[in-house]
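Below: the structure, in structure tokens.
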Amino acid sequence: MENFEIRFGGSGGQGLQLSARLLADALIREGRKVARSQSYEPTSRGGLSRADLVVAAKRIDYPLITALDVLVLLDQLPVAVSMPLLRPGALVIADARRAGEIPEGDHDLHLLPLSESALALGNERATNIVALGVLAGLGEVCEHDTLETVIRDGVPPRFLDLNLRAFAKGVELGEAGGPGR
Amino acid sequence: MDEISADSFNIRDYLRLELFPHFLCPGCGHGIALRALLWAIHELGIDKNDLAIVSGIGCSGRTGAYIDANTFHVTHGRPLAFATGLALARPDLEVVVITGDGDCLAIGGNHLIHACRRNLNLTCMMLNNEVYGMTGGQASPTTSATRYTTTTQSGSIEPVFDACALAAAAGAGFVGREVTIQTPALKNLLRDAIAHKGFSFVEVLSDCTEIFGRKNDLGESPEMIMTQKSTMRPASYGVVGGNIVDEPFRATNLKTGILTRTDRPEYGAAYRAHAAGIRAARKS
Amino acid sequence: MPSQSTARDLQGNQACALGAVAAGCRFYAGYPITPSSEIAETMSVEMPRAGGVFVQMEDEIASLGAVLGASMGGAKAMTATSGPGFSLKQEHIGYGAGAEIPCVIVNVMRGGPSTGLPTRPSQGDIMQSRWGTHGDHSVIVLAPASVPEIFSETIRAFALSERLRLPVIVLYDEVIGHLVETVEIPAPGTVEVADRKWATGAAESFQPYAVTDDLVPPMARPGDGYRTHTTGLTHLESGFPTQEPECVERITRRISGKLVHHRELIESYEAAGCEDAEIVVCAIGISARAARRAVNAARAQGIKAGLFRPITLWPFPESAFKSATASARTIIVAELNAGQLVLEIERLCGGARQVESIARVDGEPIEPAEIEAKIRELSSHG
Amino acid sequence: MDMAQKVSAETAPGTTPGATPDTTNVLIVGVGGQGVIMVSRVMARIGQLQGFDVKQSEVHGMAKRGGVVFSHVRFGPTVWSPTIPRGKADILLALEWAEGLRWLNYLKKGSGTFIADTRHIVPPFACLDRTRGAKLGYLAEPPGVVLDQVADGYALDATALASALGNHRVSNTVLLGTLSVVIGFAPEIWQKAIAEMVPPRTVEVNLKAFEAGRRWAAAARENPESAREHTLRKPAVLPELEARDFELRITPEWCKGCDICVKMCPERCLSLNALNIVELTEPDRCTGCRICEWLCPDFAIDVIKTLPETASR
């Protein structure tokens, strides 16, 4: 995908903004233009939270989401508000445990054990990085290596090992494809 | 010492003579306070090129223009805010704020308490004549109970602000009060206030004969300034730390002299040291 | 120290703060308010690093008061706020205009009136930014529409403010303020830092508000020996108040004349696809971003559509607008308010063109599709 | 003139030593808050009770406390002018010592009677250099010196006598008692006038004070030296008058006629002219004390010190 729109949706505190920032970073390194926006409400502890990227090869005219090409869902909360924004055939990645109820529709759903994988690695908070790994594994959005590099550059050293393992697990899940519907 | 500085002090050296006679009413105590301020400046040897006067709106605010210095006549109630910016940007200047009871305590009350709290090196001279003189004699936060003004036509029932108690409670490093008739004592108080490193608040009991005095049958200016003297209780000069809030909400029988003097950290110096530390940490 | 520019992903508000630093701003006073607080937060880090001063004041009024005080002391100074805070600042915007004190005021627009919609975008301060303070006064309002433009327009705001001795307002909506885009940050020291004209010559004959060829009098710095008087009262060339009708008129005309005299320096705009356009969309900020996509989409459909985007919102780039819309039959004004910019456009068109309004007041940005539909509806092909 | 002679002369109004047959001039001086006005009103009332024409003028615009107050009381068969010219007072009654000294030149030379409380009340400003160029200065002359200069004199610590009665404020009535012995008239008339003029609650103590003043005066007549009891130290040698080393400069176009300087001048050497502009009308009395300069809100008065050559920089 050259020009696309992607949303990370979840609840406050899930690290959605970090995921979006790392992905944006990676895309910019790949030469794309990115506009990043987020819900601007006090949602650091629970509540609907989202981080949106508008990605273009050249200049970005309108910087906000109009039709999503990719939707990453880490919680059930953003599902209802985000589904109507999906472009036909959009890629939807959802955490099977926390965002298991995804309505039927013309989209490519990947319901994956994102948070369970993070828990298995020892910290549920790494779910967001698992999700990034899935994006890399699916290979449609961003190159694997660029994403790994920005993770290395962009997360605190004491969490680096956990995050690299989470990323690797996500890549694995993405490459496997997961149960589509 | 007083006599010596009085002999060498020529007030005309500090005035914009072309603006005289000034606009104040006959007998207005603000003129006396202005003299005391300039006398203090003279005694401290401050170069008028390095003197910045920031004043607000009202009769008090207009007095700044007569001083031959860098003078800023700003908005109503906000001289302390302007002065805060000026003093932080230009610590080399000696910044003195001239304000009035309405300017400083009503519309500018918030700025006063935070200027006291911040303790930036400023001197605030508040001329308290108990009334909004320039707008025609309305009640101010220091209008004594039962006084008549154009907005308290049957006598004021509001309690008054004890500005010095307020300033001290808010953390001003230096607080003092004086009456105009004690001109040398007022000069000494202002001199010490300006010399103090930190926020200095000086309340000057001034008289508004034309509007306030007349409406309240307080006599002419000589009577008014004498009455002020007799209704104040001089704290012996230089003695600090008395209980200045002994009976709040009254306009008379207040103490004069230095009421508080503490060496809290001065904000400007503290900020500059803090910023220098940040820069040094980044270089290493 | 990098000698070349560096690309950084910045939030709009961060870009504003960094633009100010690059422009030479060394004094920031502010008060927290959503959605502008990131500017203060960034400045609280940047000012001490740059050898400047950051101070969080007790309120919005004091913030601009302190900025004016610092500017009178010679510092380049800025404050930032949003809706309710901008209302409170109006008193001092007037002082800055009347006393001709350089200063930059950023207003990140949010929904109003009153507390309104603290976190939702709006463009409801288009008129307030021009006419918010009482009395005739001159201000410049710049309306960037992207994060890189916030950076560059903040720099330009300082340059204009310093050169013309007046308050310059940087006005953008919450969406642009919180958007993250890539900004090319010029290498340190490569941004031209504009400085005001300082007083020179004999102090005795110096007139702080003298009439000069460019209508901008040199400013005296405290400590340099000029000992001038500054007042919010209408004042003579000497700085002292006057009520003489002819003096008052002379002074008032000179101050407002600065904007006319320096129009070329001040005015800035973007006109895209207007040469042959029969429909021109006029918008600022996020609405202009939507309009750009809509115009592109319309062009792709064969509709002759164009975009006119004032970057200098006030004074409105009148002649540029007139030439950009020379071929246009219809002007669409898209804005996040009940219809403010459209009033100016109607005035400029003088009934000669059809002026249509897209005025959205639900706290959501206008979407490209909304404008595109309007273009199609008004198009002769539609 | 010795004391006995004066005592014998005390018989009836109009025959007071040195007075003209027609008019008795009593000048009462003091500082604010002492009761100068009460004394002068009692005097005026006594004049009325005696059937005389009475004229009284007072300056008490100063305030309740601390400022200089004086009152002229003149009574006789017919009195035209309310004010006593300089050198024409038959009696100078001073409620405060230094004020008495300052007004001495109003007393008739050779015949006037000086009655004064020896207590010192330092008026506002304490007159930093009142002695410079002034004839009489604060504390410069002890009672003995002064009494030697006047025809008749009584210097008593009236405040102490009043305090002994439990109220120092009735010192003025003590002095009235002394005055009654000098002027004459029946004591009952004095008592009636006092009772009328003082607050009802204080009638009793005031009448006691009156008696105390009379008793002291009577004792002083018995033993004239006791009237000099306050001669505490040797007469001081008055300093030679210095050449004036100052100048009072008035800027009339700045003066707004507020009257502060006129009222506050300790020497009363300023006055407002017909245009309500201040003028130095008694230049000889000016001591260059700067009070007018400091208190002029209009900066219209400057005291210019002409420093000696050696001291000039």
Side-chain angles (χ1 to χ4, degrees), chain B residues 16 18-19 23 47-55 57 61-62 64-93 95 107-108 110-115 117-118 120 267-268 271-272 274-279 281-282, chain C residues 26-29 44-77 79 91-96 98-99 101 103 203 208 220-233 235 238-241:
Chain B
R16 289 174 171 146
E18 66 276 18
L19 302 182
F23 85 107
D47 186 332
K48 56 190 180 179
N49 286 319
D50 299 328
L51 174 65
I53 303 287
V54 185
S55 60
I57 297 296
R62 293 289 285 271
Y66 297 100
I67 301 176
D68 185 18
N70 307 284
T71 55
F72 303 99
H73 175 227
V74 302
T75 49
H76 191 24
R78 324 296 178 203
L80 284 170
F82 279 76
T84 297
L86 182 58
L88 278 172
R90 292 292 302 277
D92 56 316
L93 298 175
V95 184
I107 189 167
N110 198 29
H111 309 308
L112 173 65
I113 59 175
H114 288 277
R117 174 181 64 83
R118 221 172 265 126
L120 179 63
Y267 179 73
Y271 181 86
R272 288 186 289 277
H274 180 71
I278 289 171
R279 288 194 294 276
R282 272 172 65 81
Chain C
R26 290 298 178 269
F27 187 93
Y28 182 95
S44 76
V45 174
E46 296 296 334
M47 280 295 100
R49 286 180 180 177
V53 174
F54 167 89
V55 61
Q56 183 170 322
M57 294 298 287
E58 55 272 16
D59 61 33
E60 298 281 5
I61 300 167
S63 299
L64 187 48
V67 161
L68 291 170
S71 181
M72 296 188 299
K76 293 186 182 61
T79 186
E91 175 190 26
H92 282 163
I93 292 174
Y95 188 91
I101 313 292
C103 59
R221 183 170 14 214
D224 287 356
Y226 291 95
R227 299 196 303 279
T228 55
H229 183 60
T230 307
T231 178
L233 292 164
H235 44 268
S238 65
F240 294 102

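In the text below, chain A, chain B and the rest are named by the order of the sequence lines, each starting its count at 1.
Both the backbone and the side chain of A65(B) come within less than 4.5 Å of a heavy atom of chain C. Looking at L19(B), the atoms closer than 4.5 Å to chain C (heavy atoms on both sides) all sit in the side chain, from C-beta outward. With a 4.5 Å cut-off on non-hydrogen atoms, F72(B) touches chain C through its backbone and its side chain both. In this structure, no portion of R272(B) lies under 4.5 Å from any heavy atom of chain C. In this structure, chain B has a heavy atom under 4.5 Å from the side chain of F240(C), while its backbone stays farther away.
Interface remark: of the candidates L93(B), T75(B), L80(B), I53(B), T75(B) forms the most heavy-atom pairs closer than 4.5 Å to chain C. Residue with the most contacts toward chain C among A69(B), S55(B), A275(B): A69(B) (heavy-atom pairs, distance under 4.5 Å). In terms of heavy-atom pairs under 4.5 angstrom with chain C, the leader among I278(B), D50(B), L88(B) is L88(B). Most heavy-atom pairs under 4.5 Å with chain B, from the set Y226(C), F27(C), Y95(C): that is Y95(C). Options P222(C), G73(C), G232(C), G223(C) differ in how many heavy-atom pairs under 4.5 Å they form with chain B, and the most are formed by P222(C). The choice from P241(C), A220(C), G51(C), S63(C) that makes the most heavy-atom pairs within less than 4.5 Å of chain B is G51(C).
The closest donor-acceptor contact from the side chain of S71(C) to the backbone of V67(C) lies at 3.5 Å or more, if one exists at all. Looking at Y267(B), its side chain never comes within 3.5 Å of a backbone N or O of R117(B) through a donor-acceptor pair. Counting only distance, with no hydrogens or angles, the side chain of T79(C) and the backbone of A29(C) share a donor-acceptor pair below 3.5 Å. Under the 3.5 Å distance criterion, the side-chain polar atoms of R16(B) are left unmatched by any main-chain donor or acceptor of Y66(B).
Defined by atom type and a distance below 3.5 Å, a donor-acceptor pair is missing between the side-chain atoms of R62(B) and H73(B).
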Checklist line | Audit row: L64(C), M57(C), side chain to side chain contact (heavy atoms under 4.5 Å, CB included) steps and yes/no | finding: CA-CA 9 Å; L64(C) 187 48; M57(C) 294 298 287; over 6 Å; no
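A salt bridge links E91(C) and R78(B); the closest N-O separation between the charged side-chain nitrogens and carboxylate oxygens is under 4.0 Å.
Between F82(B) and H92(C), the angle of the ring planes goes over 60°, which puts this pair in the perpendicular group of the 30/60° scheme.
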